[in-house]
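Since the structure comes first, as structure tokens, the remarks are kept for the end.
Small disclaimer: the values here were computed from a predicted structure and weren't measured. Note that the numbering runs from 1 along the sequence shown for the chain.
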Amino acid sequence: MKHQEQLDRLVRFYETLSLESLSQLPAIYAPDARFKDPFNEVRGIVPITAIFRHMYEQVDAPRFAVGTRVLQGDDAFLVWDFTFRMKRFSRERQCIRGSTHIRFDDGGAVVMHRDYWDAAEELYQKLPLVGALMRWLKRAANK
């Protein structure tokens, strides 16, 4: 299947991600790749790398576990759990569940990476003050 090897390599990269392994990004992503998540929208290896470096400044022990993978032509879809400990606020292990749409170019490099996850449910509700407000608003909306 076209791009199966590249998808396997990408999943391995994310499941073994470390600050040191970020140097592998240029071998996986195209130089002008687009990356979008609930907080960022950038183009290019340097800004994509900066997003991951910033993640390591904010959290300890980040780990991705990819469950479902779907590959069709140049497009792939991944369903994952991202676990981590916040450096501020709570030191409890946290989990964000989300998915990613990937598009490969003809050479197998990632040209588009788009993460989908609910920042309100998966992150904001877990923060001390903001979380209390979010839970109150959710209860008020459901009455």
Side-chain angles (χ1 to χ4, degrees), residues 1-135 137-139 141-142:
M1 182 177 277
K2 185 179 180 183
H3 301 305
Q4 185 64 56
E5 193 175 312
Q6 290 85 358
L7 180 59
D8 292 343
R9 179 177 67 166
L10 180 69
V11 169
R12 256 189 327 275
F13 171 77
Y14 277 105
E15 290 190 328
T16 60
L17 188 66
S18 69
L19 199 51
E20 296 76 28
S21 69
L22 293 179
S23 63
Q24 297 174 27
L25 279 171
I28 297 170
Y29 284 75
D32 64 342
R34 291 176 293 142
F35 178 97
K36 182 175 171 75
D37 69 11
F39 300 111
N40 306 281
E41 185 168 4
V42 298
R43 185 177 210 121
I45 292 292
V46 172
I48 292 171
T49 302
I51 289 169
F52 286 103
R53 286 194 190 287
H54 180 72
M55 174 186 72
Y56 279 95
E57 293 170 9
Q58 300 299 312
V59 303
D60 283 323
R63 292 284 173 253
F64 286 94
V66 176
T68 304
R69 309 176 195 191
V70 177
L71 177 61
Q72 183 175 356
D74 294 334
D75 291 292
F77 189 78
L78 307 172
V79 178
W80 44 261
D81 287 345
F82 174 61
T83 58
F84 59 95
R85 285 190 182 89
M86 292 181 180
K87 288 188 176 181
R88 299 178 300 186
F89 310 117
S90 170
R91 296 291 298 156
E92 233 177 86
R93 194 106 180 118
Q94 303 291 325
C95 181
I96 292 176
R97 291 178 175 82
S99 60
T100 301
H101 178 198
I102 297 288
R103 181 162 296 134
F104 295 102
D105 66 13
D106 289 338
V110 174
V111 292
M112 190 272 299
H113 174 140
R114 178 146 188 200
D115 287 341
Y116 297 93
W117 54 277
D118 185 342
E121 179 179 341
E122 299 288 348
L123 185 60
Y124 297 145
Q125 282 189 22
K126 297 172 184 177
L127 299 175
L129 295 176
V130 176
L133 176 60
M134 295 293 294
R135 289 186 294 277
L137 288 171
K138 190 174 183 179
R139 282 191 306 271
N142 287 330

In Å, rounded to the nearest 0.5 Å, how long is the span from [atom1] of [X] to [atom2] of [Y]?
| X | Y | atom1 | atom2 | result |
| --- | --- | --- | --- | --- |
| His3 | Asp106 | NE2 | CG | 6.5 Å |
| Arg12 | Leu7 | CZ | CG | 10.0 Å |
| Asp32 | Met112 | CG | CE | 13.0 Å |
| Thr83 | Arg97 | OG1 | CZ | 10.0 Å |
| Lys36 | Arg114 | NZ | CZ | 5.0 Å |
| Arg69 | Phe77 | CZ | CZ | 14.5 Å |

What residue among Thr100, Val11, Thr68 forms side chain to side chain contact (heavy atoms under 4.5 Å, CB included) with Trp80?
Thr100
Which heavy atom in [X] sits nearest to a heavy atom in [Y], and how many Å separate them?
| X | Y | value |
| --- | --- | --- |
| Phe52 | Leu25 | CD1-CD1, 4.2 Å |
| Asp74 | Lys2 | OD1-NZ, 3.1 Å |
| Ser21 | Phe13 | O-CE1, 3.3 Å |
| Trp117 | Pro38 | NE1-CD, 3.2 Å |
| Ala109 | Tyr29 | CB-C, 4.2 Å |
| Lys87 | Val59 | CE-O, 3.5 Å |

Using a 3.5 Å distance criterion without hydrogens, assess whether the side chain of [X] forms a donor-acceptor pair with backbone atoms of [Y].
| X | Y | result |
| --- | --- | --- |
| Gln94 | Met86 | no |
| Tyr56 | Ser18 | yes |
| Arg43 | Arg34 | no |

Parallel, tilted or perpendicular: ring planes of Phe35 versus His113, cut at 30 and 60 degrees:
tilted
Show your reasoning for whether side chain to side chain contact (heavy atoms under 4.5 Å, CB included) applies to Leu17 and Met55.
CA-CA 11 Å; Leu17 188 66; Met55 174 186 72; 3.8 Å; yes
Does some side-chain heavy atom of [Y] sit less than 4.5 Å from a side-chain heavy atom of [X]?
| X | Y | answer |
| --- | --- | --- |
| Arg9 | Gln24 | no |
| Ile28 | Tyr14 | no |
| Val110 | Phe104 | yes |

For Phe84 and Ile96: C-alpha separation, side-chain torsions, deciding distance, then whether side chain to side chain contact (heavy atoms under 4.5 Å, CB included) applies.
CA-CA 9 Å; Phe84 59 95; Ile96 292 176; 3.7 Å; yes
